[in-house]
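Below is one structure, written out as structure tokens, with a few remarks after it.
All residue numbers in this chain count up from 1 along the given sequence. Here the structure is a predicted model, which is why all the values come from computation and not from measurement. Just so you know, these numbers use all the heavy atoms, side chains as well, and skip hydrogens, waters and symmetry mates.
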Amino acid sequence: MDSVEISRFLTGMTLAVHIIFATIGVGMPLMFAIAEFLGIKNKDPKYIALAQRWSKGYTITVAVGVVTGTIIGLQLSLIWPTFMKMGGHVIALPLFMETFAFFFEAIFLSIYLYTWNRFKNQWIHFLISIPVIVGGSFSAFFITSVNSFMNTPAGFEMKHGKMVNVQPFEAMFNASFLVRAFHVVATAGMTMAFLLAAIAAFKLLKNKFSKDAEYHKKALKMTMIVGFINTLLAMLAGDMSAKFLHKVQPEKLAAYEWHFDTQSKADLVFFGVLNDKTQEVHGAIKIPGMLSFLADNNVNTKVKGLNEFPKNDLPPLIVHYFFDLMVSMGIFCFIVSGIFILTLIFKKLRKFTLNKGLLYAVLLTGPASLLAIEFGWFLTEMGRQPWIVRGYMRVSQAATQAGGITLVTIMFGLLYLVLLVTSAYVLLRMFKNKPAQDDVDKVIEKGGQA
């Protein structure tokens, strides 16, 4: 591989690792805040214990997220120096604000963790969780703004190969920012809910502490309801994204669906095998008119095909599979959570709420939602290719030409492996052989607080 390909691989690997911890960073504060709210409102110590244990585990992922997030900042300058020379000053404000948002979150998270049982009025402690949620969400907003700028650059003039007369707020709140930010927050909430639901389902299936059953039942019910709601929001965000791409980045939408010829009543294509020479798709599931409908709520809408654009400006067509996998995982989570919700609503179905088959399906929503995040991230980043800043600079122009990049990639790969294994080990050890009921009993002893 040449330096460009190695640079892309290193950055992709870094982002694939960081997105896990970034997603937890956005989604987890909401989860333990909801648990504490329910605990205080219903005077239920099990929900308080949930909030305590979840926030405790969250600190580990925050620490690792700091490391991977810092690495991304360094890699922008070291691996993509030409891009930073051209536009680094444009993205400087959102990068700084992202760092500020993280510190804001970290400060209030520390206060939240160390002030359990410090207030007579429990609602005061709950209110401290709100800045943690705000900090995590705004951190996601600002870093999403940088990515959005690379897809829909705005707020500058181009002179002599450099971005000048910069309007920082116009650059930050560019055309795709709102759609992308909504999508990031909704999918983070969905993923975090299903990851926690998967843990609860696993404990109910394999738990060696029978006294914890009620605790995990409450966790399962809460997380599946939140997961279902966020899945609906994620689907809405996906619909908004499709309509945005149709108007602003039509080549990206066409690549997602292997749509070559401009036409109305365009089909939505799932999976299949593409013949590059004939542009024919074999073995695919096709839904007539659905791509046109997704593009503009009308099956008669004309959708631009890939043949409308220069070949050297097209994304790699492998993005089609990432799109299909992302959608498939999301649909799976929607179906499972929808079935679970139905068992809660209808009395005749309640006997199936803890059915083993359903619990195993819930268990799979955790990895499925996390894979959907990964596939979605690769989808949007590869879909922007061959541009690092769409319309202004190609990836091949931006990558470093310095030597030693292969060795650096290997070293970072080893670092990420250590981080992932270590964080997983610490999280497992943190709760292994420690019954949740013990924490519930402590809450009860302290008058309802942890």
Start with the C-alpha gap between L196 and M192, add the side-chain angles, then the distance that decides, and say whether side chain to side chain contact (heavy atoms under 4.5 Å, CB included) holds. CA-CA 6 Å; L196 294 172; M192 197 65 249; 3.9 Å; yes
Side chain proximity check, [X] to [Y], heavy atoms < 4.5 angstrom:
{"X": "T59", "Y": "L113", "value": "yes"}
{"X": "V303", "Y": "Q263", "value": "no"}
{"X": "L370", "Y": "F194", "value": "no"}

If only side-chain N and O atoms count, and only distance matters, is there a donor-acceptor pair under 3.5 Å linking [Y] with [X]?
{"X": "T262", "Y": "E308", "value": "yes"}
{"X": "N151", "Y": "S176", "value": "no"}
{"X": "Y112", "Y": "E36", "value": "yes"}
{"X": "N147", "Y": "S145", "value": "no"}

Surrounding [atom1] of [X] (heavy atoms of other residues, nucleotides or ligands, distance under 6.0 Å), is the total greater than 12?
{"X": "F332", "atom1": "CZ", "value": "yes"}
{"X": "F375", "atom1": "CZ", "value": "yes"}
{"X": "F271", "atom1": "CZ", "value": "yes"}
{"X": "M13", "atom1": "CE", "value": "yes"}

Decide yes or no on side chain to side chain contact (heavy atoms under 4.5 Å, CB included) for C333 and F228, but give the supporting numbers first. CA-CA 8 Å; C333 292; F228 179 74; over 6 Å; no
Taking the ring of F141 and the ring of F138, is the distance between their centroids below 6.0 Å?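 F138 vs F141: aromatic centres under 6.0 Å.
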Donor-acceptor check, side chain of [X] to backbone of [Y], threshold 3.5 angstrom: yes or no?
{"X": "T187", "Y": "H183", "result": "yes"}
{"X": "H89", "Y": "M163", "result": "yes"}
{"X": "Q385", "Y": "E381", "result": "yes"}
{"X": "T301", "Y": "N298", "result": "yes"}

Under the side-chain hydrogen bond (donor to acceptor under 3.5 Å, both in side chains) criterion, do R53 and Y58 qualify, and how do the steps go? CA-CA 9 Å; R53 286 165 71 93; Y58 177 56; over 6 Å; no
Under the side chain to side chain contact (heavy atoms under 4.5 Å, CB included) test against M190, which residue among I373, T231, L233 passes?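 Only one option passes, and that is T231.
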Hey, can you tell me if [X] and [Y] have their rings parallel, tilted or perpendicular (30° and 60° cut-offs)?
{"X": "Y392", "Y": "F156", "answer": "perpendicular"}
{"X": "H320", "Y": "W258", "answer": "parallel"}
{"X": "F104", "Y": "F108", "answer": "tilted"}
{"X": "F169", "Y": "F173", "answer": "parallel"}

Please determine if D261 and K302 form a salt bridge, counting it only when a charged side-chain N lies under 4.0 Å from a carboxylate O.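 K302 and D261: not salt-bridged.
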Please test F323 against V319 for side chain to side chain contact (heavy atoms under 4.5 Å, CB included), starting from the C-alpha separation and ending with a verdict. CA-CA 6 Å; F323 177 80; V319 295; over 6 Å; no
Just how far is it from atom [atom1] of [X] to atom [atom2] of [Y], taken to the nearest 0.5 Å?
{"X": "F244", "Y": "Q249", "atom1": "CZ", "atom2": "CD", "result": "6.0 Å"}
{"X": "L205", "Y": "Y360", "atom1": "CG", "atom2": "OH", "result": "5.0 Å"}
{"X": "R8", "Y": "T409", "atom1": "CZ", "atom2": "OG1", "result": "13.5 Å"}

Go through the steps for E280 and N275 under the test side-chain hydrogen bond (donor to acceptor under 3.5 Å, both in side chains), then give the verdict. CA-CA 5 Å; E280 293 180 350; N275 185 320; 5.7 Å; no
Determine, step by step, whether W80 and T11 satisfy the side chain to side chain contact (heavy atoms under 4.5 Å, CB included) criterion, reporting the C-alpha distance in whole Å, the side-chain angles of both residues, the deciding distance to 0.1 Å, and the verdict. CA-CA 10 Å; W80 308 103; T11 303; 3.0 Å; yes
Report the C-alpha distance between T14 and Y416 in whole Å, list the side-chain angles of each, state the deciding distance to 0.1 Å, and finish with yes or no for side-chain hydrogen bond (donor to acceptor under 3.5 Å, both in side chains). CA-CA 8 Å; T14 301; Y416 299 145; 2.6 Å; yes
For a salt bridge (Lys or Arg N to Asp or Glu O under 4.0 Å) with E251, tell me which candidate from R384, R390, K304, K311 qualifies.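 Only one of R384, R390, K304, K311 forms a salt bridge (Lys or Arg N to Asp or Glu O under 4.0 Å) with E251, namely R390.
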